[in-house]
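Contents: one structure, followed by commentary.
Here the structure is a predicted model, which means the values were calculated and not measured. Just so it is clear: chains get the letters A, B, ... in the order the sequence lines come, proteins before strands, and each one is counted from 1.
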Protein chains: 2
Amino acid sequence: MKAEAEALDMIGDHFRRARLAAGLTQEQVADLAGISRPRYRDVETGAAAARATTLINVARALGLEMMLVPQAMVPAIEALLSPEGEDDRPAFSPQAEGDDE
Amino acid sequence: MKAEAEALDMIGDHFRRARLAAGLTQEQVADLAGISRPRYRDVETGAAAARATTLINVARALGLEMMLVPQAMVPAIEALLSPEGEDDRPAFSPQAEGDDE
DNA sequence: TCACTGTGATACGTTTTCGGATCAAATAGA
DNA sequence: TCTATTTGATCCGAAAACGTATCACAGTGA
């Protein structure tokens with residue numbers, strides 16, 4: 001399976017967890033993000049590679065933010081996001097490959 | 001101006017700085033990311049909203065990683081990324097709006 | 001001067017996302 | 001039971017990203 005598809009699934013799972021934690025429906029989040037419900041569903045299920053602007057709008061609708069960080073800093077940031085041994089899966093793990101598929 | 005366009009510019013600037021710091025040409029990064037040079041140029045200049053998979057591939061080609069983090073944690077993470085008072089602009093700032101445009 | 005490299009920029013055709021509309025399945029509540 | 005809500009899923013046309021090819025311009029060095 002492509003590493004790209006895995007990343008999309010991880011993003012979708014992250015959004016879904018955030019949405020359920022906020023007690024929102026798919027339609028509510030889609031409306032907040034300014035996209036249609038079928039399209040937000042695609043994002044949650046990883047069925048489509050949404051545009052950058054769509055990703056940013058969805059993230060912000062859920063109280064999240066997209067960040068670009070050096071790969072070497074990812075572990076430290078993940079530790080900062082889950083101080084207690086929580087299994088929160090804070091972001092889509094890097095897998096540290098670096099290149100293309 | 002749309003907040004979306006600003007975010008795209010911030011992403012593009014971030015990529016450009018990372019590319020120059022790595023001493024790579026646009027074509028080299030485009031090749032590593034598996035996209036064409038004109039399209040990578042669009043990403044750098046914010047002329048187009050690349051797909052999620054494209055963003056991830058470009059980021060990894062430059063040794064970066066896309067992360068989803070709670071908006072409340074952004075300041076702490078930025079502080080972690082720039083311990084010295086550096087003006088490194090580590091990510092596209094949240095602006096803390098939360099909703100759509 | 002010429003050649004080479006890196007970048008900016010455009011055009012064309014293909015592929016994919018997107019909004020809107022529609023229907024079905026599952027769940028919860030009266 | 002019936003009804004409403006939520007989600008899964010599909011189709012269509014429009015809009016946008018995408019690859020490829022092409023040209024121009026600035027800089028560098030032989």
What is the distance, to the nearest angstrom, from the [atom1] atom on [X] to the [atom2] atom on [N]?
X: A:Arg19; N: D:dT6; atom1: CZ; atom2: P; answer: 10 Å
X: A:Ile11; N: C:dT17; atom1: CD1; atom2: P; answer: 13 Å
X: B:Phe15; N: C:dT7; atom1: CZ; atom2: C1'; answer: 19 Å
X: B:Asp31; N: D:dT20; atom1: CG; atom2: C1'; answer: 14 Å
X: A:Ile35; N: D:dA15; atom1: CD1; atom2: P; answer: 19 Å

Where [X] and [Y] come nearest, the two heavy atoms and their spacing:
X: A:Gln28; Y: A:Gly23; value: OE1-O, 4.2 Å
X: A:Leu81; Y: B:Met67; value: CD1-CE, 4.4 Å
X: A:Asn57; Y: B:Glu4; value: ND2-OE2, 2.7 Å
X: A:Gly46; Y: A:Asp9; value: CA-OD1, 3.8 Å
X: A:Glu44; Y: A:Gln26; value: OE1-NE2, 3.4 Å
X: A:Ala59; Y: A:Met66; value: CB-CG, 4.2 Å

N or O in side chain of A:Gln26 less than 4.0 angstrom from D:dG8 OP1/OP2: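 Answer yes for this pair, as a side-chain N or O of A:Gln26 is under 4.0 Å from OP1 or OP2.
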side-chain N/O B:Thr54 vs D:dC18 OP1/OP2, d < 4.0 Å: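 Result: yes.
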Separation of B:Ile77 CD1 from A:Glu78 CD (nearest 0.5 Å):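 Answer for the CD-CD1 pair, A:Glu78 versus B:Ile77, is 10.0 Å.
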Taking only N/O atoms, report every protein-nucleotides 20-28 of chain C pair under 3.5 Å with atom names and distance.
from: C:dG20; atom 1: O6; to: A:Arg39; atom 2: NH2; distance (Å): 3.0

N/O donor-acceptor pair under 3.5 Å between A:Asp31 side chain and A:Glu27 backbone: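 Looks like no, no N/O pair under 3.5 Å.
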Any residue of residues 40-51 of chain A with a heavy atom less than 4.0 Å from an atom of DNA chain C: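 Within residues 40-51 of chain A, the residues near DNA chain C are A:Ala48, A:Ala49, A:Ala50, A:Arg51.
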Close N/O contacts between protein and nucleotides 27-29 of chain D (under 3.5 Å):
none

B:Leu68 vs A:Leu62 side-chain heavy atoms within contact, under 4.5 Å: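 Result no, sub-4.5 Å side-chain heavy-atom pair not found.
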Full working for side chain to side chain contact (heavy atoms under 4.5 Å, CB included) between B:Arg60 and A:Gln71: CA-CA 8 Å; B:Arg60 291 183 178 172; A:Gln71 290 178 347; 3.8 Å; yes
Test side chain to side chain contact (heavy atoms under 4.5 Å, CB included) applied to A:Leu64 and A:His14, step by step: CA-CA 10 Å; A:Leu64 301 173; A:His14 198 105; 3.5 Å; yes
